[in-house]
Trainee: 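There's a structure below that I have some questions on.
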Amino acid sequence: MDVDISQLSEFDIIRSSLTLVFVFISIIIGLRIISKYFEIKKKEFISVGLTLIFLSAPWWSNAFSFLSILLFRYAFEAPEYLLLLNIGGPLGLIFWIYSFCKLIYPKSINKIFIPILIICSVYILYLLIFLFIDLNMIGYQVEDRLFDYKRALIPNIFAYVATISLVFTGTVFALKAIRSENKELSWKGVFFMI
């Protein structure tokens, strides 16, 4: 959809600019974590870096649509917006649970990771099917406001469950690091908790 920057409200410009900054910072930090893999050769650095990148994904739709408006005068249509809004959550959860299991519970990886992988894969399949069949099963635009979309019931439930899972496992991860004898690891745990 053809949109000029002058058609956006001050609120939309400020909100979208800050969202774009947040997304770029998340991607840069995620890529820096991934680059540690090449020094240390532990796959967990790749999955933790990808986790951080994909956890910023719910903001990609706003950020990249705004960037597209700035560069090409094009605002994302509903299918593009809703796909970006929803696809990163399951991918971030998959990478995080893998990292969590490898670092904290390596002997239980099959019991914890495989069910999460199946649930997230089914959810991604749901998104891709309804993206073409009935977009309202994924979400809808609020009163023709360019950057305001609401998730439908299933994506909303998934988002809440994923958030609870991430907060719970992230807290367990941070507390284990904080209790470490290694001072550097302990400080990283504090940073992670924040």
Side-chain angles (χ1 to χ4, degrees), residues 19 22-61 63 82-131 137-139 150-194:
T19 301
F22 164 73
V23 167
F24 279 136
I25 289 171
S26 297
I27 290 171
I28 289 167
I29 293 171
L31 291 173
R32 290 216 42 205
I33 293 170
I34 291 169
S35 72
K36 287 282 188 189
Y37 165 77
F38 299 103
E39 293 173 31
I40 301 171
K41 301 294 186 207
K42 283 192 161 196
K43 291 182 208 172
E44 295 80 23
F45 283 100
I46 295 173
S47 57
V48 169
L50 288 172
T51 296
L52 185 59
I53 291 169
F54 283 115
L55 287 182
S56 70
W59 291 272
W60 290 358
S61 49
L82 288 169
L83 181 63
L84 284 176
L85 179 67
N86 290 288
I87 199 71
L91 296 172
L93 187 59
I94 288 169
F95 289 120
W96 170 246
I97 295 299
Y98 172 80
S99 304
F100 176 77
C101 290
K102 288 292 278 185
L103 295 168
I104 305 295
Y105 299 113
K107 293 180 182 173
S108 301
I109 193 162
N110 290 338
K111 292 178 188 172
I112 300 170
F113 178 69
I114 299 299
I116 294 294
L117 179 63
I118 291 168
I119 291 166
C120 289
S121 298
V122 168
Y123 178 67
I124 291 170
L125 186 62
Y126 169 89
L127 288 176
L128 296 176
I129 289 170
F130 284 104
L131 190 65
M137 294 297 288
I138 300 173
K150 298 286 183 194
R151 289 183 173 105
L153 180 63
I154 300 294
N156 224 7
I157 290 170
F158 183 86
Y160 285 124
V161 170
T163 301
I164 291 166
S165 300
L166 290 164
V167 169
F168 177 76
T169 55
T171 302
V172 169
F173 181 81
L175 290 175
K176 289 242 183 203
I178 289 168
R179 292 182 187 133
S180 171
E181 297 292 323
N182 180 329
K183 288 290 182 197
E184 183 180 344
L185 184 59
S186 183
W187 276 108
K188 287 180 181 180
V190 169
F191 173 75
F192 191 81
M193 183 68 91
I194 292 169

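Please read these numbers as outputs of a predicted model, since none were measured by experiment.
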Trainee: Starting at CD1 of I46, measure out to NZ of K36 and round the result to the nearest 0.5 Å.
Mentor: 14.0 Å

Trainee: Please set out all donor-acceptor pairs under 3.5 angstrom arising from side-chain atoms of residues 25-33, sequence neighbours excluded.
Mentor:
unit_1	atom_1	unit_2	atom_2	d
S26	OG	F22	O	3.0

Trainee: Sequence neighbours excluded, which residues qualify as side chain to side chain contact (heavy atoms under 4.5 Å, CB included) partners of L83?
Mentor: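 Residues passing side chain to side chain contact (heavy atoms under 4.5 Å, CB included) with L83: I87, L128, L131.
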
Trainee: Show the nearest heavy-atom pair for residues N86 and R151, with the distance to one decimal.
Mentor: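 That closest heavy-atom pairing would be OD1-NE, 2.9 Å.
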
Trainee: Quick check for you: to the nearest 0.5 Å, what is the distance between L55 atom CG and L91 atom CG?
Mentor: 10.5 Å

Trainee: Could you work out, with side chain to side chain contact (heavy atoms under 4.5 Å, CB included) as the rule, every residue matching A174, not counting sequence neighbours?
Mentor: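 A174 satisfies side chain to side chain contact (heavy atoms under 4.5 Å, CB included) with F192, M193 only.
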
Trainee: Enumerate, atom names and distances included, each donor-acceptor pair closer than 3.5 Å involving a side-chain atom of residues 93-101, sequence neighbours excluded.
Mentor:
unit_1	atom_1	unit_2	atom_2	d
W96	NE1	T169	OG1	2.6
S99	OG	S47	OG	2.5
S99	OG	V48	N	3.4
S99	OG	F95	O	2.9

Trainee: Does the ring of Y37 carry K41 above it, NZ/CZ under 6.0 angstrom from centre and within 45° of its axis?
Mentor: yes

Trainee: If we only count heavy atoms from C-beta on, is the Y123 to P155 side-chain gap below 4.5 Å?
Mentor: yes

Trainee: Please list, one pair per line, the donor and acceptor atoms closer than 3.5 Å that link side chains of residues 157-165 to other protein atoms, with sequence neighbours excluded.
Mentor:
unit_1	atom_1	unit_2	atom_2	d
T163	OG1	A159	O	2.7
S165	OG	V161	O	2.9

Trainee: Are any of the side-chain heavy atoms of F54 and P90 separated by less than 4.5 Å?
Mentor: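 F54 vs P90: side chains apart.
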
Trainee: Looking at CE of M137 and CG of L82, how far apart are the two atoms once the value is rounded to the nearest 0.5 Å?
Mentor: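 Atom-to-atom, M137:CE and L82:CG are 13.0 Å apart.
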
Trainee: Say you draw a straight line from CH2 of W60 to OG1 of T19; how long is it, rounded to the nearest 0.5 Å?
Mentor: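 Rounded to the nearest 0.5 Å, the CH2-OG1 separation comes out at 14.5 Å.
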
Trainee: Hey, could you give me the OG/CG distance between S121 and L125, rounded to the nearest 0.5 Å?
Mentor: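 It comes to 8.5 Å.
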
Trainee: Just how far is it from atom CD1 of I109 to atom CD1 of I104, taken to the nearest 0.5 Å?
Mentor: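 One gets 12.0 Å once the value is rounded to the nearest 0.5 Å.
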
